[in-house]
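Have a look at the structure below before the remarks.
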Amino acid sequence: MGRGAPDGEEAHEHGVGDLCEAGERAYAQALREGRITRSDAREAVCLVSLGLLHPDPDRLDEYVPTLPGAALSRSLHELSAALEGVRRRMSAVGGVAERFAGFEAREVPPAGVIRVLEGKRRIRAVIAEEADRCVFEHVGFQPGGIRTPEVLENALPLALGMAARGVRMRSLYTHVARHGQGILAYLEQVGDLAEVRTLDEVPERLVMFDRTVAFIPASPDRELALEIRNAAVIDYLHGVFERMWRVAVPFREALPAVGGAEGFTHRERAIAALLAEGHTDAGVAERLGMSVRTCRAHIAKLAQALGSSSRVELGVRIARAGLDSPPRSPGPGPEGAA
């Protein structure tokens with residue numbers, strides 16, 4: 001029933017009344033001061049496992065204590081839920097009855113909560129639970145470039161489960177993702193309920209189910225994530241997705257030609273616009289979902305085509321050529337019945 005230590009830290013379990021000295025000191029400090037830094041709690045990861053400390057959503061480098069009574073109540077609730085799950089499996093109830101029993105047994109955070117999830121395994125597990133609950137819509141931003149076969153294979157069971165329940169799935173990728181053959185095969189397996197569109201760049205990762213819960217990264221390494229159930233924040237994020245979806249290009253359609261600055265590809269124009277904004281090679285590559293090596297090859301072609309011999313001169317020539325703004329592609333037509 002323990003939550004487990006953060007990824008990369010060794011957990012140490014305790015029996016009843018067997019809290020270690022480091023845990024005793026750290027918990028006492030957290031109760032006195034109302035919080036404790038991660039560095040001060042480094043030797044007491046058991047407190048996180050036991051639910052006595054949890055990350056502060058507003059200060060991600062600190063923990064806040066859970067009152068002893070609340071921690072005990074939560075542990076008892078988790079134990080009760082686990083026993084109920086064992087009872088359900090033994091009773092061998094069928095199909096729909098088991099599904100609804102599963103919903104009742106899971107602990108769902110109340111509406112309005114923003115919760116910190118720590119560790120990639122924990123984040124993936126919670127997202128998988130929400131995918132199993134999803135009944136009508138899943139949307140998301142998928143930054144980065146070409147998806148590896150392993151990533152798509154791991155995502156396929158969740159997508160097939162949602163498709164079987166009639167869930168509409170829409171994802172926004174970068175244009176670079178079009179160069180991978182795996183996404184096309186993935187879409188063919190999932191069926192018409194899965195739709196993908198692409199843009200030059202998309203925001204950081206977003207996963208949303210049924211317009212009731214969303215997940216976003218809370219640290220650059222994605223070891224921390226926020227689980228959001230606040231209705232106003234959910235509505236805002238869904239509105240941002242819809243606006244970007246309307247101007248994105250359907251995956252099975254070719255990228256439309258862009259006007260002006262003849263002789264430059266869509267990708268070269270996108271790179272030029274980001275260079276004009278002052279981004280580094282690595283920054284441009286990350287935002288467009290390509291490798292730094294590929295990005296530098298495109299920059300070299302730009303420099304050669306514009307007759308530039310230095311980075312400063314390249315910026316000037318980009319502006320003179322009218323390449324200092326992102327390429328604007330005409331959006332798709334009116335949405336179909338789907």
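Note that these values count all heavy atoms, side chains included, but never hydrogens, waters or copies made by symmetry.
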Which value, rounded to the nearest 0.5 Å, describes the distance between [X] atom [atom1] and [Y] atom [atom2]?
{"X": "Met169", "Y": "Met162", "atom1": "CE", "atom2": "CE", "answer": "5.5 Å"}
{"X": "His175", "Y": "Asp200", "atom1": "NE2", "atom2": "CG", "answer": "4.0 Å"}
{"X": "Ile216", "Y": "Leu224", "atom1": "CD1", "atom2": "CG", "answer": "12.0 Å"}
{"X": "Arg121", "Y": "Glu223", "atom1": "CZ", "atom2": "CD", "answer": "9.0 Å"}

N/O donor-acceptor pair under 3.5 Å between Arg165 side chain and Val135 backbone
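No; zero donor-acceptor contacts below 3.5 Å.
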
Looking only at atom types and distance, does a side-chain atom of Arg296 sit under 3.5 Å from a main-chain N or O of Asp281, one as donor and one as acceptor?
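Here the side-chain-to-backbone pair does not exist.
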
Are more than 12 heavy atoms from other residues, nucleotides or ligands located less than 6.0 Å from atom CZ of Phe136?
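Yes, because the 6.0 Å sphere around CZ of Phe136 holds more than 12 heavy atoms from other groups.
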
Return yes when atom CG of Asp221 has more than 12 non-hydrogen atoms of other residues, nucleotides or ligands closer than 6.0 Å, and no otherwise.
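Atom CG in Asp221 is crowded, with more than 12 foreign heavy atoms closer than 6.0 Å.
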
Sequence neighbours left out, what pairs pass salt bridge (charged side-chain N to carboxylate O under 4.0 Å, His left out) with at least one residue falling in residues 203-217?
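Pairs touching residues 203-217 that pass the test: Glu137-Arg211, Glu204-Arg222.
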
If a pair satisfies salt bridge (charged side-chain N to carboxylate O under 4.0 Å, His left out) and one of its residues is in residues 153-163, list it, with sequence neighbours excluded.
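Passing the test, one end in residues 153-163: no pairs.
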
Does [X] belong to the same Ile/Leu/Val/Met/Phe/Trp/Tyr cluster as [Y], with side-chain heavy atoms less than 4.5 Å apart forming each link?
{"X": "Val126", "Y": "Val213", "answer": "yes"}
{"X": "Leu156", "Y": "Leu158", "answer": "no"}
{"X": "Val64", "Y": "Val113", "answer": "no"}

Show, in sequence, the C-alpha distance, side-chain angles and deciding distance for Trp245 and Val139, and conclude whether the side chain to side chain contact (heavy atoms under 4.5 Å, CB included) test is met.
CA-CA 10 Å; Trp245 180 260; Val139 301; over 6 Å; no

Locate the shortest heavy-atom distance separating [X] from [Y]; write the atom from each residue and the value.
{"X": "Asp40", "Y": "Gln29", "answer": "OD2-NE2, 3.4 Å"}
{"X": "Leu31", "Y": "Pro65", "answer": "CD2-CB, 3.9 Å"}
{"X": "Leu60", "Y": "Ala218", "answer": "CD1-O, 3.1 Å"}
{"X": "Leu187", "Y": "Val196", "answer": "CD2-CG2, 3.8 Å"}

Do Glu130 and Arg229 meet the salt-bridge criterion of a basic N to acidic O distance under 4.0 Å?
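Yes, this pair counts.
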
Just to verify, what does Arg252 make a salt bridge (Lys or Arg N to Asp or Glu O under 4.0 Å) with, not counting sequence neighbours?
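If we apply the salt bridge (Lys or Arg N to Asp or Glu O under 4.0 Å) test to Arg252, skipping adjacent residues, there are no hits.
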
Candidates Leu117, Val207, Asp132 - the one meeting side-chain contact (heavy atoms from CB on, under 4.5 Å) with Ile127:
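Going through Leu117, Val207, Asp132 one by one, the side-chain contact (heavy atoms from CB on, under 4.5 Å) with Ile127 is satisfied by Val207 alone.
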
For the residue pair Phe141 and Phe241, does the interplanar ring angle fall in the parallel (under 30°), tilted (30 to 60°) or perpendicular (over 60°) class?
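Tilted: the ring planes of Phe141 and Phe241 meet at 30° to 60°.
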
Kindly confirm or rule out a cation-pi arrangement of Arg38 over Tyr63, judged by NZ or CZ under 6.0 Å from the six-membered ring centre and within 45° of its axis?
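Here Arg38 passes the 6.0 Å and 45° test against Tyr63.
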
